[in-house]
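Letters go in sequence order (proteins before strands), and every chain restarts at 1. Note that the structure is a prediction, hence the values are computed from the model and not measured.
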Amino acid sequence: MHFRYKIEGGDFTNAGSTASAVKKVLKQLNIDPVIIKRTVVGIYEAEVNIVAHAYNGVIDVDIDENRIFARFEDAGPGIPDITKAMEEGYSTASEIVREMGFGAGMGLSNIKNNSDKLEIISQVGKGTTVEITNYFNSK
Amino acid sequence: MTKANQSGEIFHAIHFRADMCIGCSHCMNICPVEAIRVREGKARLIPNRCVDCGECYRVCPVGAIAVEQNDFEEIFRFPIRIALIPSVFFGQFPETISREEIVHSIMDLGFTHVHEVEEGAGFLNRLYIEYRKNNPNNRPLISPFCPAIVRLIEVKFPTLLDNIILLKNPMEITAMKARKDLTEKGYKDTEIGIFYVSPCAAKIVAIKSPVGEKDSSVSGVINLNYLYNKTFRLIRNLKKAHGPLPGPNFSSQEICWSLTHGETDLAESGRNLAIDDIKNVIEFLEKLENEEIKGIDFLELRACDESCAGGILCPANRFLTAEKMKKRVQNTLSEGKEEKKIEYTPEMEKFLRDHISLEKLTPRPILKLDDNVAEAVVKMKRMYELNGFLPQVDCGICGSPSCKALAEDIVQHTAELKQCIFIQKIMEQNEKLDIQESVNIMRKIWSESKLDKNSLRDEI
Ligand SMILES: Nc1ncnc2c1ncn2[C@@H]1O[C@H](COP(=O)(O)OP(=O)(O)O)[C@@H](O)[C@H]1O
Ligand code: SF4
Ligand SMILES: [Mg+2]
């Protein structure tokens, strides 16, 4: 099953709508609440990163009976040093973005802690692709 | 654990009276968890979805929704008859009627003791504060007070179940204390009947089919509006002189526990939020679940606007009730009267502490399409496909509350695509459906009478 969501950079009013939509789907599929929670937290952070740091992006979600795979592909500035960006507390978010309550620098590490598989590919000046996979039977 | 009856159905205090229901669908459209459908001209409840919030009861134009209660005469099965009165009850009466008059009238009706539910709130509040200290990593803690909210979380937000404080509410504490006080005086447990006067359906269900506790120490329920009418009549007709209050003249801030901010006003400092009205609560919990909202310490969540002052069985205006209750507290404080608190002996303290915990709550997911994930995926694909055919008008003519709900009902085999009026028109154009068949479909949803072709004979 595929779902596609489009995200506009800077549109903080809708940040979180993809996470909510995916959450509803996972509940309908009777996925374990713990796995729903992990997945939704990761999706929310990746979604917000497009809004906060990129120009625009597309989220593709693929779900089958075994796993959820979400790809966040954006056009944006890219991430020069991914290892550094993954550090807790590291953030390049602007003052304004911080005032709005985003930009604590915990997003990427939060995604990592809440996903079974995480892949980040980024090209400076072009954009970033984040891929999250979570398995439904993670035991 | 939510108890179910033998047939596996969840108990509800709300019943749709088929003899009175006119099939108007107002209830279906207002239900926040889409638990109602219209079939054969009558509203039908899907028991596993209902959270007993009572929104349907408010909008029913013909009073076809009944709220279950014990027969009042049942109180006389017990030699000791305790009325457990929530503070909102006193807030229903005009200010010219005193609390003494109300209490004496309740006793004239046949009760031997009257206790105010909120007597137990101070004790509970102390335990809340301890609970918060002992569970520093569990944030936000969610109040277990409103049973409709506990059920809402069970069915719709299972990931937040562990945030609910696993302690009983003031009603149970007051009931347990009253029972223990009397058994210590030599009465047998079976001689004591404790009847809770309920402002809502949710509290009735919490007593008859408790969540997270084995049994309630409350023996039965009397609906607040019923007792209000009985008491009011007595006060007006008798107007006899009454003595001072029997029992404790309880007066302190805890009286307002069941109002909005009742719990947060007494909570430890921190980020404590009070949210009332089930629609607001759902909106907030959606964001909390995504961790879009962080850093909150405590949530007081109530299904009714203005909390229990807005309970479906409260006859008075909810804003005026809340005003009166706050005034009662202010009066006590401003007149320099001392706050009268309830005393607990060390033995009572220990007894209550030993009996105050709730068991772990279990999710009761209603959104799932199937227990089996692979099967649920198949159903979901079909559901999205079907939803794509539907007009997204959400008119409810199909007897389901929205186009999406109809698509879901179809994959669950409780509805058919041609129940959609737009689909019928498309089928008629393609000569896949004749007029008689489409009329029959509508009759099955809305009953014969709404489609009686003779009824407009003189008009058209
Ligand atoms: N999609 C993205 N495009 C460009 N830069 C990004 C993107 N996602 C993350 N970053 C960079 O990585 C940093 C750390 O991200 P994160 O851990 O989510 O913290 P925050 O978003 O709070 O700054 C960001 O400040 C930003 O510099
Ligand atoms: S807010 Fe009070 S009256 Fe309303 S459902 Fe909850 S407990 Fe009942
Ligand atoms: Mg971020």
Heavy-atom distance under 4.5 Å between the side chains of [X] and [Y], does that happen here?
| X | Y | result |
| --- | --- | --- |
| B:Lys287 | A:Tyr44 | no |
| B:Lys379 | A:Gln28 | no |
| B:Leu160 | A:Lys37 | yes |
| B:Glu289 | A:Val40 | no |

Assess whether atom [atom1] of [X] is packed by more than 12 heavy atoms of other residues, nucleotides or ligands within 6.0 Å.
| X | atom1 | result |
| --- | --- | --- |
| A:Arg4 | CZ | no |
| A:Glu88 | CD | no |
| A:Glu119 | CD | no |
| B:Glu385 | CD | yes |

Could you look at [X] and say if it's the side chain, the backbone, both or neither that has a heavy atom under 4.5 Å from chain A?
| X | answer |
| --- | --- |
| B:Leu161 | neither |
| B:Tyr384 | side chain |
| B:Glu408 | side chain |

Taking the basic N atoms (NZ, or NE/NH1/NH2) and the acidic carboxylate oxygens, is any pair closer than 4.0 Å for B:Lys294 and A:Glu45? yes
Among B:Lys381, B:Met383, B:Lys368, which residue has the highest count of heavy-atom pairs closer than 4.5 Å to chain A? B:Lys368
Taking the side chain from A:Lys27 and the backbone from B:Lys156, do they hold a donor-acceptor pair closer than 3.5 Å? yes
Output for pair (A:Asp32 CG, B:Thr159 OG1), nearest 0.5 Å, gives 10.5 Å
Spacing of B:Leu367 atom CG and A:Leu29 atom CG [to the nearest 0.5 Å]: 10.5 Å
Which bit of [X] comes within less than 4.5 Å of chain B, counting heavy atoms only: side chain, backbone, both or neither?
| X | value |
| --- | --- |
| A:Asn66 | neither |
| A:Val25 | both |
| A:Leu26 | neither |

Over all heavy atoms of both residues, which pair between [X] and [Y] is shortest? Give the atoms and the distance, please.
| X | Y | answer |
| --- | --- | --- |
| B:Glu292 | A:Ser20 | OE2-OG, 4.3 Å |
| B:Asn290 | A:Gly16 | ND2-O, 3.8 Å |
| B:Asp370 | A:Asn30 | O-CB, 3.3 Å |
| B:Val373 | A:Ile31 | CG1-CD1, 3.9 Å |

